[in-house]
Amino acid sequence: PNDGRINDFDTCYVGITKDGTPCCHLWLIDASQNGKLKRAWGNNFPVISNDELLVENVYTVPKYRGMGIFPTVLDDIVGKSRELGAKYVISFGEASNINMSRSFVYAGFQPYVLRRKKWFLFNKSIKFEEIPEKEMVQFKQYTAAYRAKLVE
């Protein structure tokens, strides 16, 4: 959920339809905003390197979901990232959100790290770790059709 903290970042990109209707948005955050990122969300994200950009707070208006708009916007963002000199574009999403995972795969993203959240006595801790093989196998199964389209 958007609790307003994302509004501290001034790098929002909006996808629009052919008739100019806004249909999705995302933020593209660079290393110069590491301080804001840390103040807003603590250790939820790793420190962004100078050759990386973070895609965050992705949202597509429900009416436009399933139309291929989001993967197209992601593809445009990858192009924009290259223009900005980034070698890597990272994002974090829920593994259970299969449609989002497929959209990222379609745009050329691939998993590289697992972010685990753990709660204990109302305190959240975040740990970044290597993705277990079992979870990679699962991921590859539900994104296989999209990865195949990339090869065609």
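Only a predicted model underlies this, so the values are computations on that prediction, with no experimental measurement involved.
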Point to revise | Heavy-atom closest pair, residues P22 and V61 | key: O-CG2, 4.3 Å
**Study point:** Separation of I69 CD1 from C23 SG (nearest 0.5 Å)
**Key:** 4.0 Å
**Study point:** Contacts of F104 that satisfy ring pair (Phe, Tyr, Trp, His ring centres under 6.0 Å) - sequence neighbours left out
**Key:** F70, F109
Point to revise | Residues in ring pair (Phe, Tyr, Trp, His ring centres under 6.0 Å) contact with Y13, at least two apart in sequence or another chain | key: none
Check your understanding: Under a single-linkage definition using a 4.5 Å side-chain heavy-atom cutoff for Ile, Leu, Val, Met, Phe, Trp and Tyr, are V78 and L84 assigned to the same hydrophobic cluster?
Key -> yes
Point to revise | Same cluster (ILVMFWY, side-chain, under 4.5 Å), I16 and Y59 | key: no
Check your understanding: Hey, does N57 have a side-chain heavy atom less than 4.5 Å from the side chain of L26?
Key -> no
Review point. Shortest non-hydrogen contact from A31 to S49?
Key: CB-O, 3.5 Å
Practice item. Start with the C-alpha gap between T11 and Q33, add the side-chain angles, then the distance that decides, and say whether side chain to side chain contact (heavy atoms under 4.5 Å, CB included) holds. Key: CA-CA 10 Å; T11 50; Q33 299 182 73; 3.7 Å; yes
**Study point:** Which residues share a side chain to side chain contact (heavy atoms under 4.5 Å, CB included) with S81, sequence neighbours left out
**Key:** L28, L53, I77, A86, V89
Check your understanding: So, the side chain of W27 versus the backbone of V55: is there a donor-acceptor pair under 3.5 Å, distance only?
Key -> no
Check your understanding: Which pairs count as salt bridge (Lys or Arg N to Asp or Glu O under 4.0 Å) when at least one residue sits in residues 9-38, sequence neighbours excluded?
Key -> D10-K36
Point to revise | From M136 atom CE to E130 atom CD, the distance as rounded to the nearest 0.5 Å | key: 10.5 Å
Point to revise | Sequence neighbours excluded, every pair satisfying salt bridge (Lys or Arg N to Asp or Glu O under 4.0 Å) that has a member inside residues 45-71 | key: none
Practice item. Carefully, step by step, assess L37 and L54 under the rule side chain to side chain contact (heavy atoms under 4.5 Å, CB included). Key: CA-CA 10 Å; L37 201 57; L54 171 68; 3.9 Å; yes
Review point. V47: what forms a side chain to side chain contact (heavy atoms under 4.5 Å, CB included) with it, not counting sequence neighbours?
Key: N34
